[in-house]
Chemist: 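After the structure tokens below, expect a handful of questions from me.
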Amino acid sequence: MADGPSIQQQLDLLKEQQAAISAGLNAMNEARWLAADFGADSLEAILYGLNPNWAGQISAREPLYVRPPAPPEANVVWVGSPNHYQGRAGWPVVAIVVHTMAGTLASCDSWFQNPASQVSSHYGIGLQGQQHQYVKLADGSWANGILEPGNQWVTIVGNSANPNYQTVTIETEDNGSGATAVTDAQYAGTLAVSRLAMQTYPAIQYLMSHRTISPSSRSACCGGRWWDSGRFDQLAADLGLQAYP
Amino acid sequence: MTEDEIQQAIAVLQQQQALQSAALKAALEARWTGEDSVDAYVKALTPGIDTAPEIPLYADG
């Protein structure tokens, strides 16, 4: 007779272990992960029972059955502006440029609708997350077309053509004060329209501030409310873009 | 079924249970894809299976 366990003993052990595995699956199904929380009914305790050699060797983490909040939905209101190029003169769109309004969303709507202002952007995002659109993405806005001495644009992008042709531009409401914090709603709105832009132009690689293009006249755009708060870098990370604040 | 055949069947069951236990351990340690993961053990248990793992979130990131 063999020295090892009999077939019956082996089968009994297999049954016992299979029952423990099933119990472990159910513990996982019911999110009973940690022994500290659920004792012997936890997956952790069941695993130690299955394999005593694992005692002290399991680095348990408690997963959550909570889905992440849905990404912010674009909910764009068309406002329009007469101030824009027709098309983009054949240039690829490679960057999103963030601005701060130095004003309110309402004043921005009015200013961009005024032909005399000669300025516009594609989007304006309010502090409450409102998403206004002034220029079609297919057209170049008149937001950041002046390449000033010391700009980083030429180095980053590799050409000195008008950046308005090559960018999607987003103004962000600040109520006239650079100290106005970027709200969660404004951030979500900016993220949402940026994603829209990237769906339209997959070649977008960069997230820039206006000062990257115009470091003299726009040295404070889009400002500490984006830079110092970490929102700018966070936006670039969320979009998977290279950040040039 | 001969005794040898039964022993072989038991050995297969033991290997499968070891893989199942390892998969549960991987789940508890939040290794869902890649080497030594739930997905890897599922594939070892069922060769040729087509999986599309969805990674859960964690309280500590």
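Only this structure's heavy atoms are used, side chains among them; waters, hydrogens and symmetry mates stay out. First the proteins, then the strands, lettered A, B, ... as listed; each starts at 1.
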Chemist: Using a heavy-atom distance cut-off of less than 4.5 Å, which residues of residues 12-24 of chain B contact chain A?
Modeler: B:L13, B:Q14, B:Q17, B:Q20, B:S21, B:A22, B:L24
Chemist: Taking atom NZ of B:K43 as the centre, report whether more than 12 heavy atoms of other residues, nucleotides or ligands fall under 6.0 Å from it.
Modeler: yes
Chemist: If you count every heavy atom of other residues, nucleotides or ligands that lies below 6.0 Å from A:R225 atom CZ, does the total exceed 12?
Modeler: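 Yes - once you tally the heavy atoms of other residues, nucleotides and ligands closer than 6.0 Å, there are more than 12.
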Chemist: Is it the side chain or the backbone of A:L25 that comes within 4.5 Å of chain B heavy atoms, both, or neither?
Modeler: both
Chemist: Which pairs of donor and acceptor atoms, one on a side chain in residues 47-60 of chain A, lie under 3.5 Å apart (sequence neighbours left out)?
Modeler:
unit_1, atom_1, unit_2, atom_2, d
A:Y48, OH, A:E44, OE2, 3.4
A:N51, OD1, A:N53, N, 3.0
A:Q57, NE2, A:N53, O, 3.2

Chemist: Mind checking salt bridge (charged side-chain N to carboxylate O under 4.0 Å, His left out) for A:R32 and listing every partner two or more places apart, or none if nothing turns up?
Modeler: A:E30
Chemist: Side chain, backbone, both or neither: which part of B:I10 has an atom under 4.5 Å from a heavy atom of chain A?
Modeler: both
Chemist: Restricting to ring pair (Phe, Tyr, Trp, His ring centres under 6.0 Å), what partner residues turn up for A:H122, sequence neighbours left out?
Modeler: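 Once residues adjacent in sequence are excluded, A:H122 has no partner under the ring pair (Phe, Tyr, Trp, His ring centres under 6.0 Å) criterion.
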Chemist: Mark yes when over 12 heavy atoms from residues, nucleotides or ligands other than B:E3 sit less than 6.0 Å from its CD; otherwise mark no.
Modeler: no
